[in-house]
Amino acid sequence: MPSPERLDDFVKFIDEELAPRGVNTLILRVDHNYQFESRPELRDENALSRDEVKKLVTICRKHAIRIIPQINLLGHQSWAEKTGKLLSVYPQFDETP
């Protein structure tokens with residue numbers, strides 16, 4: 001998913017590149033790049049707002065493109081020395097042996 005600064009470029013890309021090529025499904029890796037209302041502690045610093053996400057939804061609806069959000073779950077919250085947002089906030093979920 002794009003950062004807020006790149007959102008307009010991404011909307012333009014959907015409108016001018018994906019839609020004319022007949023793309024009908026878009027998998028967006030959201031992870032913590034959304035301003036969650038129920039769990040604000042899990043938001044990335046530069047996360048998209050609800051209104052910004054609506055821009056994506058609107059352009060995809062215009063072209064009948066289905067959006068599938070992807071969020072990494074427990075098994076994919078860290079990698080080598082990097083700990084993801086969920087385990088940073090809730091270290092008790094870490095199941096690393």
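- Under the ring-ring contact (aromatic ring centres under 6.0 Å, His included) criterion, F13 pairs with no residue, sequence neighbours left out.
- In terms of the salt bridge (charged side-chain N to carboxylate O under 4.0 Å, His left out) criterion, residue partners of D9 (sequence neighbours excluded) are, by chain and number, R6.
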Indicate every side-chain donor-acceptor pair of residues 20-27 with a distance under 3.5 Å to a residue at least two apart or in another chain.
unit_1, atom_1, unit_2, atom_2, d
R21, NH1, E17, O, 3.0
R21, NH1, E17, OE1, 2.7
R21, NH2, E17, OE1, 3.4

Pair E41-Y90, side chain to side chain contact (heavy atoms under 4.5 Å, CB included): steps then yes or no: CA-CA 10 Å; E41 70 274 15; Y90 297 106; 2.3 Å; yes
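- P2 approaches N33 most closely through the heavy-atom pair O-ND2, 3.0 Å.
- By the rule that hydrophobic residues join a cluster once side-chain heavy atoms approach within less than 4.5 Å of another member, I68 and M1 end up as members of separate clusters.
- For the atom pair CG of D44 and OG of S3, the computed distance is 11.0 Å after rounding to the nearest 0.5 Å.
- Contact annotation: the side chain of L28 approaches that of L56 to within less than 4.5 Å [non-hydrogen atoms, C-beta and beyond].
- In terms of the side-chain contact (heavy atoms from CB on, under 4.5 Å) criterion, residue partners of I59 (sequence neighbours excluded) are, by chain and number, V11, I14, D15, K62, H63.
- The structure places CD of Q35 at 9.0 Å from CG of N46, a figure rounded to the nearest 0.5 Å.
- In this structure, NZ in K54 is found 13.5 Å from CG in L48, a value given to the nearest 0.5 Å.
- Between the CG atom in L18 and the NZ atom in K12 there is a gap of 13.5 Å [rounded to 0.5 Å].
- Residue-environment remark: CD (E45) stays at or below the threshold of 12 foreign heavy atoms within 6.0 Å.
- Checked against ring-ring contact (aromatic ring centres under 6.0 Å, His included), Y34 has the following partners two or more places apart in sequence or in another chain: F36.
- Partners of Q70 by side-chain hydrogen bond (donor to acceptor under 3.5 Å, both in side chains), not counting sequence neighbours: none found.
- The minimum heavy-atom distance linking E52 with P4 is given by the pair OE2-CB, 3.5 Å.
- Put simply, the side chain of L86 reaches to within 4.5 Å of the side chain of H32, judged on heavy atoms.
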